[in-house]
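In what follows, chains are A, B, ... by sequence order, proteins preceding strands, each numbered from 1.
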Amino acid sequence: MNIDSILFAGVGGDGIITASNVAAEAFILAGFDVKKSEIHGMSQRGGSVSASVRFGEKVYSPTDKLGSVSFVIATEKIEALRCVKYLHKDSIMIINDRIMPIINQEINEAEIDAMIKSINIQTIHIDNFLEFAKKLNNEKVINTIMLGVLANYLPIDNKYFHKAIENIIPSKIKAVNIAAFNEGLSIGK
Amino acid sequence: MNLIKKLASGNEALAIGAYKGNARFASGYPGTPSSEILDYFKQFKQVRAQWASNEKAGFEAALGASIAGVRSFVTMKHVGLNVAADPLMTSAYTGINAGFVVVTADDPGMHSSQNEQDNRFYAKFANIPMIEPGDSFEAAGFMQYAFIVSEKFDLPVMVRLTTRISHSLGLIKYDPRPLDNEKELCIEKDFKKYVMIPANAIKKHKSILEKLEQLKDFSNETPINKIEKGDLNVGVITNGISYSYAKEIIPDANFFKVGFSYPLPVRKIKEFAKDFDKVVVIEETEPFMEEILKSEGLNVEGKKYFPRDGELNLDIVEDGLKKFGALKEKKRVYFEEFELPKRPPALCPGCPHRPIFDILHSMKDVFITGDIGCYTLGSLPPLSAMHTTVCMGASISMGVGVSKVQDKERVVSIIGDSTFFHTGIQPLIDAYVNKANMTVIILDNRITAMTGGQPDASSGFNLNNDDFEPVNIASLAKTIGIKNVFEIDQYDYKNTKHILEREIYKEELSVIVAKRPCVLAPKKIKDTPFVVTDKCIGCKRCLRIACPAIDFKDNRAIIDETICTGCAICEQVCPVEEAIIKKSEE
Ligand SMILES: Cc1ncc(C[n+]2csc(CCOP(=O)(O)OP(=O)(O)O)c2C)c(N)n1
């Protein structure tokens with residue numbers, strides 16, 4: 001049975017739930033069965049947030065298995081590192097080059113970067129996606145840009161993402177999200 | 001006919017199923033993971049959905065609607081059913097008029113709960129049917145079905161979700177039109193049925209036991225207890241989310257998927273099990289099915305291979321099936337986890353609870369009985385100002401006990417507004433009646449913040465957005481007869497500290513109502529942010545208030561302007577003049 005998964009990781013307020021909804025919708029439009037899980041118990045209080053979009057011909061479990069997730073989008077570097085146990089050697093990770101501080105803890109960024117370098121998988125695309133978002137005059141489209149980057153590796157046509165954005169994103173910001181997705185596509189090429 | 005196909009959470013699907021099952025009234029009390037069900041349900045036309053002050057009141061409102069002839073349901077998290085256990089047990093005696101469903105959402109893994117209780121035992125305890133969907137698709141269908149079962153047996157029916165079902169999304173397909181109502185029901189006046197004096201209840205108890213026998217037959221026949229054949233000589237008996245893990249790990253096994261889990265379909269399971277050398281029960285938390293099946297003489301195993309605490313997942317189920325001998329040992333390949341700092345939840349920037357805990361933290365001879373809500377985060381370091389948290393409403397009542405048996409420590413009880421209305425009012429009356437020498441702080445942020453911002457009696461609007469004059473907690477306390485009642489604004493740090501210290505050391509009962517609203521709900525509040533100037537001496541006093549907007553770099557505090565709400569608490573605790581100032585507006 002071929003089930004694969006996109007794991008989204010970040011912190012409360014990152015918009016991960018919306019991004020994962022767009023991905024889930026795209027796979028449904030492409031004819032896949034989809035199950036999605038969300039962990040957001042304490043998200044509004046600054047905790048970690050994650051969501052998995054599992055797709056395949058028939059999907060049962062909404063949550064992932066160790067060593068079996070091919071795709072990760074992480075909006076923050078520490079949260080990206082929390083995902084490694086789900087990866088395998090052919091996995092693709094898209095990471096936003098940012099660290100969200102943790103209350104009353106000093107974080108050594110160089111150490112975090114070294115850990116990320118040490119992950120032995122096929123592709124890690126790490127970039128300051130905020131800069132690209134600023135170019136589009138909307139700092140909130142970071143996730144859509146990252147989704148665009150990842151789409152280069154995903155087994156479905158980009159038109160399904162365009163349609164998914166149409167279906168899910170509120171009309172006022174649809175156009176900028178389509179632009180962000182396309183920007184991501186070209187960054188990732 | 002236009003079928004709607006959409007990705008829906010278990011909670012949304014359940015609301016859709018309820019509507020399609022012609023439920024037109026619902027009540028409940030918020031609690032993760034159940035809270036969103038009523039929000040979804042209220043969006044349908046011609047339904048009434050409303051929050052109750054607590055689960056018992058919500059249960060009884062829905063039972064009343066059922067007796068009045070309208071299909072109804074009540075929603076709550078697992079521990080909510082402890083609060084509603086009283087009407088649960090006796091509504092099994094009265095039975096129902098229109099279909100009545102009790103939805104309980106358990107939280108294996110305790111993502112957001114104080115315990116991990118398995119509410120399947122309540123169905124057995126009350127002798128009522130229990131239905132357990134395994135995903136969103138089933139949540140919609142089984143909920144609709146539950147109303148039919150309820151009317152067929154004249155009993156309340158329990159529907160049990162778990163966090164993974166409530167909060168996972170799956171595809172559902174449905175016809176948006178409600179079913180035709182099978183029959184019109186009227187309000188029912190029936191002394192023998194609804195007045196549970198002993199003379200009536202004695203007869204009712206007998207009739208419940210008769211119904212239980214009929215339910216056993218029904219469970220063997222219902223299509224939601226189903227067998228899925230496979231090629232392996234292994235039988236798997238499973239339910240709810242556990243099915244989805246097992247089905248993915250060992251798809252070729254023979255499955256008995258239990259959807260109607262009380263009473264269990266024992267006869268049908270016996271027939272299923274006799275064909276296999278090995279039969280295993282896979283269920284989350286308690287060995288509920290395993291124990292019943294063993295007591296019926298079945299040769300099954302379960303908890304010997306699977307944990308009794310925490311959630312199951314694909315890997316745990318795989319490990320269990322290997323130990324059980326149904327799967328070959330194969331090493332799992334995955335990357336080792338890094339040692340990473342945890343990201344503990346914290347009170348939001350601007351949260352009005354923060355100053356209270358900062359002040360209490362500095363008082364050494366106080367014993368603080370706490371309660372459940374966002375403010376429970378005040379128990380974590382560096383605020384560390386709460387000594388007990390047991391269940392909703394326990395703060396004041398436990399404080400009464402502490403104050404009556406010792407006088408070394410001053411007693412302070414802390415409770416939120418929603419929790420106060422839930423089960424805090426009676427304890428406050430007890431404190432007054434028993435002359436408890438203690439201080440009760442009611443954190444009246446005008447909303448049920450912890451569970452996502454549901455309105456309560458202090459909000460001034462209800463689930464349907466009707467306005468009402470908010471219940472005034474200070475007036476209520478005065479009406480009880482309490483003399484020392486004060487309202488404070490926590491953003492005025494100095495005055496808050498003054499009043500807290502004065503009242504806590506008074507040899508009398510005092511009530512302090514802290515009135516600042518929540519910064520998240522119903523409206524996001526964000527004022528001009530504060531900034532740190534060159535005058536900062538790096539003393540770290542401001543870090544002790546545990547504000548997510550404050551960080552420390554290069555011997556100086558820094559404030560993240562994007563999340564600072566401008567509450568000015570850091571500025572007020574800072575010992576240095578003008579080290580923290582409001583950002584200039586130009
Ligand atoms: C019996 C029971 N029902 C529901 C819950 C879920 N729950 C936890 S805290 C809370 C309410 C918190 O509201 P409030 O007391 O106003 O505090 P706030 O979060 O707003 O600070 C609820 C509903 C629970 N833990 N126990």
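- Residues A:Pro62 and B:Leu169 have side chains not in contact (no heavy-atom distance under 4.5 Å, counting atoms from C-beta outward).
- For chain B, no part of A:Phe27 is nearby; none of its heavy atoms comes within less than 4.5 Å.
- For the set A:Glu106, A:Lys89, A:Glu38, the count of heavy-atom pairs under 4.5 angstrom toward chain B peaks at A:Glu38.
- Neither the backbone nor the side chain of B:Ile563 comes within contact range of chain A; no heavy atoms are under 4.5 Å apart.
- Heavy atoms closer than 4.5 Å to chain B are found in both the backbone and the side chain of A:Asn120.
- For a residue to count as touching a neighbouring chain, one of its non-hydrogen atoms must lie under 4.5 Å from one of that chain's; by this rule B:Cys547 touches chain A with the backbone only.
- No salt bridge links A:Arg82 with B:Glu337; every basic N to acidic carboxylate O contact stays at or beyond 4.0 Å.
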Open item on the list: Assess the residue pair B:Leu7 and A:Glu25 against the criterion (side chain to side chain contact (heavy atoms under 4.5 Å, CB included)); give the C-alpha distance rounded to whole Å, side-chain angles, the decisive distance to 0.1 Å, and a yes or no.
Closed with: CA-CA 8 Å; B:Leu7 198 64; A:Glu25 175 81 3; 5.5 Å; no

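- Neither the backbone nor the side chain of B:Glu311 comes within contact range of chain A, judged by heavy atoms closer than 4.5 Å.
- Interface residue A:Arg54: only side-chain heavy atoms are found under 4.5 Å from chain B.
- At a 4.5 Å heavy-atom cutoff, the contact between B:Lys342 and chain A is made by backbone atoms alone.
- Using a 4.5 Å cut-off between heavy atoms, A:Ser118 contacts chain B through its side chain alone, with no backbone atom that close.
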Task: Stepwise side chain to side chain contact (heavy atoms under 4.5 Å, CB included) test for A:Asn167 and B:Lys6 - done: CA-CA 11 Å; A:Asn167 290 357; B:Lys6 72 183 288 194; over 6 Å; no

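- For B:Arg343 and A:Glu79, the salt-bridge test passes: some basic side-chain N is under 4.0 Å from an acidic carboxylate O.
- Looking at B:Ile165, there are no atoms closer than 4.5 Å to chain A (heavy atoms on both sides), in backbone or side chain.
- In this structure, chain B has a heavy atom under 4.5 Å from the side chain of A:Glu76, while its backbone stays farther away.
- For A:Leu81, the parts lying under 4.5 angstrom from a heavy atom of chain B are both the backbone and the side chain.
- Between chain B and the residues A:Met115, A:His88, A:Glu111, the most heavy-atom pairs under 4.5 angstrom are made by A:Met115.
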Task: Verdict with supporting geometry, A:Ile119 and B:Phe338, side chain to side chain contact (heavy atoms under 4.5 Å, CB included) - done: CA-CA 10 Å; A:Ile119 307 174; B:Phe338 292 104; 4.1 Å; yes

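- Of all heavy-atom pairs between B:Glu248 and A:Tyr60, the closest is OE1-N, 3.3 Å.
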